[in-house]
Amino acid sequence: MTLYTVKDLKAFGINGESIYQRSTVKYHLLPNDESAQYAANEELIDSATVWLKILVSSNISLGEFKTNNRSYFYSIKNNSAEELVYGKGIKSFLDKKYANDARYGTNAVEENLAFRQQLFDLNNSSKGDISSSVSTTEYTASSLTAIFNKLNKNEGQAFGKDENSLIIGVGAGFYSHNPSGGAGSYLQDATINSSVTPYIMFGYLMKSSKKSSKISFYLESAISTMNTTGFQNSLAAGRVDFDIKNTFVELQLLSTYTFNPFDKTKFALGFGIDVMTKISGGNTASIVHSPTYTEVIPNTPIQNSVIASPVFTANIINGRFNYFVNFQFSKNLSRNLNETWPYSRITGGLAYKLKK
């Protein structure tokens with residue numbers, strides 16, 4: 001039996017995730033923060049043996065090395081890693097060597113974009129032509145991954161694989177109502193109270209297997225309630241008290257855009273439609289005619305059984321956990337021609353991805 005130690009490892013991978021390759025790299029001690037100060041000697045270089053995270057594996061690979069202060073990216077060819085040089089920070093132009101520079105005598109934010117020239121140089125020995133994209137490439141994992149895929153004609157494929165996923169979650173919805181109605185209607189000058197009710201969801205995320213993909217589609221079903229009370233004092237009959245108790249099955253279809261697909265914690269926004277179908281419950285109006293007589297009228301206020309409304313969503317995804325906030329509104333919950341019952345709902349909660 002042969003025993004291998006960590007020092008013997010050249011690379012390792014995590015199933016369904018990234019490959020890490022052992023490399024001895026050099027890196028400039030430049031800041032990547034416009035509030036940080038450039039060192040007096042901009043050519044200061046350090047070296048270390050590190051595990052490069054391979055973002056693109058091909059003829060010319062892309063690797064990432066993270067320090068406590070910033071990320072460094074490397075082009076890798078024939079197992080040799082070359083730093084893509086970038087820096088951004090406050091630079092001093094007080095030295096006399098800058099006497100002919102318009103910034104002489106000041107401190108100004110300086111950005112070192114040397115990596116773009118390096119990309120142009122790589123273009124000469126690559127399969128794909130990236131010359132038209134270099135000038136807009138940013139020093140970020142997503143931007144560099146895209147251009148390295150183009151450089152290698154990988155058509156957007158990168159290491160790591162996100163699959164379609166089943167998701168379950170729980171949350172709560174905050175309802176706000178603003179009803180109105182014509183003279184003599186039950187919603188004339190009525191008040192329907194705000195309420196917070198539970199929300200249980202089951203979702204299916206449809207996402208491309210490309211790690212760099214930012215667009216995904218999401219199908220969600222949910223069980224929710226709308227339980228609240230209200231009142232109206234304008235009818236000649238006297239005060240009317242509303243008791244509103246409804247349970248819905250919901251179906252949502254959304255498209256979402258992930259702003260930072262390569263980061264551990266991702267942020268996404270989405271838009272779609274939500275269809276709510278009432279499966280139980282109902283509304284009642286109680287009219288107090290006298291201390292001894294209260295008239296109870298079912299199905300009042302009159303309400304639609306199926307409600308469709310646009311829905312906007314914001315998501316913070318960390319591993320298998322998804323923190324979500326949805327906002328939706330409906331122009332009219334009532335099916336009475338003489339009444340309008342607009343409402344809005346903010347729903348927040350936590351979801352868990354069953355399949356990663």
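One is the number of the first residue; the rest follow in order along the sequence.
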**Asked** For the hydrophobic clusters of this structure (ILVMFWY residues joined by side-chain heavy atoms under 4.5 Å, transitively), does one cluster hold both Tyr27 and Leu30?
**Response** no
Hits for ring pair (Phe, Tyr, Trp, His ring centres under 6.0 Å) against Tyr98, two or more places apart or cross-chain, chain-then-number order -> Phe93
To the nearest 0.5 Å, atom CG of Leu122 lies from atom CD1 of Ile147 at 9.5 Å
Exercise for the section: Could you tell me whether Glu138 and Arg116 make a salt bridge, using a distance below 4.0 angstrom between a side-chain N and a carboxylate O? Expected result: yes
TODO: Indicate whether any N or O donor in one side chain lies under 3.5 Å from an N or O acceptor in the other, for Thr225 and Thr247.
DONE: no
Joining Ile, Leu, Val, Met, Phe, Trp and Tyr whenever any side-chain heavy atoms lie under 4.5 Å apart, the cluster holding Ile223 also takes in none
Could you list the donor-acceptor pairs under 3.5 angstrom formed between side-chain atoms of residues 251-258 and any protein atom two or more places apart in sequence or on another chain?
from, atom 1, to, atom 2, distance (Å)
Gln252, NE2, Tyr199, OH, 3.4
Thr256, OG1, Ser216, O, 3.4
Thr256, OG1, Ser216, OG, 2.4

Fill in: Side chain proximity check, Gln232 to Gln188, heavy atoms < 4.5 angstrom
yes
Should the ring pair Phe312 and Phe271 be called parallel, tilted or perpendicular, given that the plane angle runs from 0 to 90° and is split at 30 and 60? tilted
By salt bridge (charged side-chain N to carboxylate O under 4.0 Å, His left out), Glu339 pairs with (sequence neighbours left out) none
Contacts satisfying salt bridge (Lys or Arg N to Asp or Glu O under 4.0 Å) that involve residues 270-282 (not counting sequence neighbours) are Asp274-Arg345
The ring pair (Phe, Tyr, Trp, His ring centres under 6.0 Å) partners of Tyr204 (sequence neighbours excluded) come to none
For this session: Take Ser180 and Thr340 through the test side chain to side chain donor-acceptor pair (under 3.5 Å) and record every step on the way to the result.
Result: CA-CA 5 Å; Ser180 63; Thr340 59; 2.7 Å; yes
ask   = Are Asp101 and Arg103 within salt-bridge range, i.e. N to O under 4.0 Å?
value = yes
Exceeds 12 heavy-atom contacts within 6.0 angstrom, atom CG of Asn100
no
**OP:** Report the C-alpha distance between Ser334 and Asn332 in whole Å, list the side-chain angles of each, state the deciding distance to 0.1 Å, and finish with yes or no for side chain to side chain donor-acceptor pair (under 3.5 Å).
**Re:** CA-CA 5 Å; Ser334 172; Asn332 193 6; 4.6 Å; no
Thr136 side-chain N/O to Ser133 backbone N/O, donor-acceptor pair under 3.5 Å = yes
